[in-house]
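The next block holds one structure in the form of structure tokens; read it before the comments.
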Amino acid sequence: MSAIIFDVLPVFILILIGWVIVRSGLMASNVGEALSEFVFKIAVPLLLFRTIAEADFHGASPFRLWIVYFSGVAITWTAGHIAATRLFGRDERIGVLAGVSSAFANNIFIGLPLVERTVGDEGLVALSILLAVHLPVMMVAGTVLMEHAERKIAGKSDRRMVLVLRQIAVNLVRNPLVIGLAAGMAMHLSGLTMPTTVATVVGQIAGIAGPAALISLGMALERYGVSGNLGIASVTSSLKLLLLPGCVWAASRLLGLSPEWTAAIVLTSSVPTGVNAWLIANRFGVGHSLAASTITVTTALGAITVSLWAYFLGA
């Protein structure tokens, strides 16, 4: 257990360092925003590009991995929605946001460095396969369900699905993560290799993606805090940290994923809620405090729960 803690704890210490930097006034929060933009637009896309370009998939199909992960997401999202609407009596929009907050893991800023540190290259391959569809699936689901909830409450008919999907598709095509994954897959399928100098530069930038992502996340946490809805946030946080990885683990065993892929996919599902939950709340102007509180609570407790999952998995 002590070895696992030494693997997991640095991930959360880097988040804490970022938080302390802003909290102490050493740097302004907008420095963290600039660092986060560098991570999102350059460092992580290059990490994904390199991982996919150099990956050995051993002939494995991605569909079992996707089924494993998204079956866990579906169960957890539904549980969060039901808890918000039935247990706490909130409207459909808060129900959607509770589902998003319960099931949207921070795979980029925490999952990638965690899996790289605890599982290694084989785990990064599994996570890259997940990331190829994770953002599109989650954003499509979140946007479509939120649009439906808003129009249901307002008594309006749903906007044409093709218009919603077209808008999301345009945003995804421009997304640096999607571009990095697509370029890596193109390189992989072509059989080409990067020249030594290019590979060195890509490797060096990719190497700082994890630490920079964690510090920038910590700097951003100052913006969120715990701001009400603590009752629902406690439920969504429990679902995120316990139910989602539990469902993913059960599905992994049922469908026979390899130990390395199981460890990677369960660990990344166990990490705190991603900032995308807050972005969806901000986009639709509802549930900011629920999303913010869930992000903060899951991040505060994540070091403990992720360590327990790593111990359980023998990672």
Side-chain angles (χ1 to χ4, degrees), residues 67-107 110-111 134 137-156 158 221 223-251 254 265-266 268-306 308-309 312:
I67 291 170
V68 162
Y69 189 84
F70 288 109
S71 62
V73 165
I75 293 169
T76 307
W77 190 314
T78 302
H81 187 101
I82 291 173
T85 55
R86 304 288 176 81
L87 184 61
F88 291 94
R90 302 302 176 88
D91 65 36
E92 289 291 319
R93 295 175 302 170
I94 298 298
V96 173
L97 196 64
V100 173
S101 300
S102 301
F104 210 134
N106 198 334
N107 292 325
I110 304 180
H134 180 260
V137 169
M138 298 298 284
M139 293 306 291
V140 167
T143 303
V144 169
L145 289 174
M146 188 64 86
E147 287 240 358
H148 174 73
E150 278 203 328
R151 291 178 174 271
K152 181 179 178 182
I153 291 172
K156 299 178 181 178
D158 285 344
L221 283 178
R223 178 193 317 153
Y224 302 126
V226 177
S227 52
N229 285 306
L230 198 54
I232 305 182
S234 298
V235 173
T236 54
S237 298
S238 299
L239 295 175
K240 175 66 212 60
L241 297 174
L242 300 174
L243 180 62
L244 178 57
C247 291
V248 172
W249 174 79
L254 187 63
I265 215 73
V266 173
T268 198
S269 70
S270 74
V271 303
T273 297
V275 296
N276 301 77
W278 190 87
L279 294 176
I280 290 176
N282 193 54
R283 160 73 176 79
F284 288 94
V286 63
H288 296 79
S289 60
L290 172 58
S293 297
T294 305
I295 291 168
T296 303
V297 171
T298 53
T299 304
L301 298 177
I304 299 171
T305 56
V306 170
L308 291 174
W309 279 111
F312 174 73

| Sequence neighbours excluded, which residues qualify as side-chain hydrogen bond (donor to acceptor under 3.5 Å, both in side chains) partners of Asn106? | none

| note | On a heavy-atom basis, the closest approach of Leu243 and Ala79 is CD2-CB, 3.9 Å

| query | Thr296 side chain to Ser293 main-chain N or O, any donor-acceptor pair under 3.5 Å? | reply | no

| request: Using side-chain hydrogen bond (donor to acceptor under 3.5 Å, both in side chains) as the criterion, list what pairs up with Thr273, not counting sequence neighbours. | output: none

| request: Looking only at non-hydrogen atoms, find the nearest pair between Ile94 and Gly287 and report the distance. | output: CD1-CA, 3.8 Å

| note | Value for OG1 (Thr78) from CG (Leu239), rounded to nearest 0.5 Å, stands at 10.5 Å

| Separation between OG1 of Thr299 and NZ of Lys240, rounded to the nearest 0.5 Å | 10.0 Å

Donor-acceptor contacts under 3.5 Å from residues 96-103 side chains, at least two apart:
residue: Ser101; atom: OG; partner: Leu97; partner atom: O; Å: 2.9
residue: Ser102; atom: OG; partner: Ala98; partner atom: O; Å: 2.7

| Sub-3.5 Å donor-acceptor pair from the side chain of Ser71 to the main-chain atoms of Val68, do we have one? | yes

| Shortest non-hydrogen contact from Gly95 toward Thr85 | CA-CG2, 3.9 Å

| said: Rounded at 0.5 Å granularity, tell me how far CG in Leu290 sits from OG1 in Thr294. | reply: 4.5 Å

| request: Rounded to the nearest 0.5 Å, what's the gap from OG on Ser237 to CD1 on Ile232? Could you check? | output: 11.5 Å

| query | Say you draw a straight line from CD of Glu92 to NE2 of His81; how long is it, rounded to the nearest 0.5 Å? | reply | 4.0 Å

| Sequence-distant partners of Ser269, side-chain hydrogen bond (donor to acceptor under 3.5 Å, both in side chains), two or more places apart | none

| pair Asn276-Met138: side-chain heavy atoms closer than 4.5 Å | no

| query | With sequence neighbours left out, what residues match His134 under ring-ring contact (aromatic ring centres under 6.0 Å, His included)? | reply | Tyr69, Phe104

| said: Is any side-chain heavy atom of Leu87 closer than 4.5 Å to one of Ile82? | reply: no

| With sequence neighbours excluded, what pairs up with Trp77 under the ring-ring contact (aromatic ring centres under 6.0 Å, His included) test? | none

| Got a donor-acceptor contact below 3.5 angstrom from the Trp309 side chain to the Val271 backbone? | no

| query | Would you say the side-chain atoms of Thr268 pair up with the backbone N or O of Ile265, donor to acceptor, closer than 3.5 Å? | reply | no

| query | So, for Leu230 and Ser234, which heavy atoms are closest and what is the spacing to 0.1 Å? | reply | O-OG, 2.7 Å

